[in-house]
Amino acid sequence: GKMGGKLGGILSNRDFAFIEDPTIQIRDIMTPRDKLILAVEGVSLEAANDILKKCKKGKLPVVNDKDEIVALIARRGLQKNIDFPLAMKDKQNKQRMGYTPPSHTVLSFPV
């Protein structure tokens with residue numbers, strides 16, 4: 001699927017990690033739409049976090065009034081916002097990453 005498409009279900013690593021039959025259909029192993037815990041577009045991060053805590057899931061699909069998926073909130077992402085509230089974020093509110101090598105590290109580049 002894709003953002004803006006109808007939500008039919010979710011397929012996670014847990015769903016297919018031990019599947020050995022290469023001919024199995026995704027619809028037969030995914031969690032179907034009617035068994036998913038969802039949030040509605042406009043949900044606050046605090047409310048989304050509460051939902052994830054209560055249902056003990058790793059991902060929370062967010063749908064609009066047309067039942068189209070508009071976001072997928074991950075528990076890991078929410079936890080990073082709690083752990084690092086002052087982290088630098090880009091225009092999409094994603095944390096920016098950076099790396100500074102230790103001062104004793106010697107870097108060599110081909111000439």
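Partners of D21 according to the side chain to side chain contact (heavy atoms under 4.5 Å, CB included) rule, which considers only residues two or more places apart in sequence or in another chain, are T23, I24. Partners of S12 according to the side-chain hydrogen bond (donor to acceptor under 3.5 Å, both in side chains) rule, which considers only residues two or more places apart in sequence or in another chain, are D15. Taking N64 as the reference, E41, K66, E68, V70 meet the side chain to side chain contact (heavy atoms under 4.5 Å, CB included) condition, with sequence neighbours excluded.
To the nearest 0.5 angstrom, N49 atom CG is 9.5 Å from I73 atom CD1. Note that CD1 of I37 and NZ of K56 are 12.5 Å apart. Values are rounded to the nearest 0.5 Å. Remark: I51 CD1 to S44 OG distance equals 8.0 Å, nearest 0.5 Å.
Minimum interatomic distance between L52 and A74 (heavy atoms only, all atoms of both residues): CD1-C, 4.2 Å. Counting all heavy atoms, side chain and backbone alike, L36 lies closest to G9 at CD1-CA, 3.9 Å. Scanning both residues, A47 and V43, for their nearest heavy atoms gives CB-CG2, 3.7 Å.
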Inset, instruction - In sequence, state the C-alpha distance, the side-chain angles, and the governing distance for L60 and L72, and then conclude on side chain to side chain contact (heavy atoms under 4.5 Å, CB included). - result: CA-CA 6 Å; L60 179 65; L72 187 63; 6.0 Å; no
Legend entry - Worked check of side chain to side chain contact (heavy atoms under 4.5 Å, CB included) between V62 and L38: CA-CA 6 Å; V62 180; L38 303 172; over 6 Å; no
Inset, instruction - Please assess L11 against I29 for the test side chain to side chain contact (heavy atoms under 4.5 Å, CB included), listing each intermediate value before the final yes or no. - result: CA-CA 7 Å; L11 180 68; I29 59 174; 3.8 Å; yes
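Applying the salt bridge (Lys or Arg N to Asp or Glu O under 4.0 Å) test to residues at least two apart or on different chains, the pairs with a partner in residues 23-38 are R33-D67.
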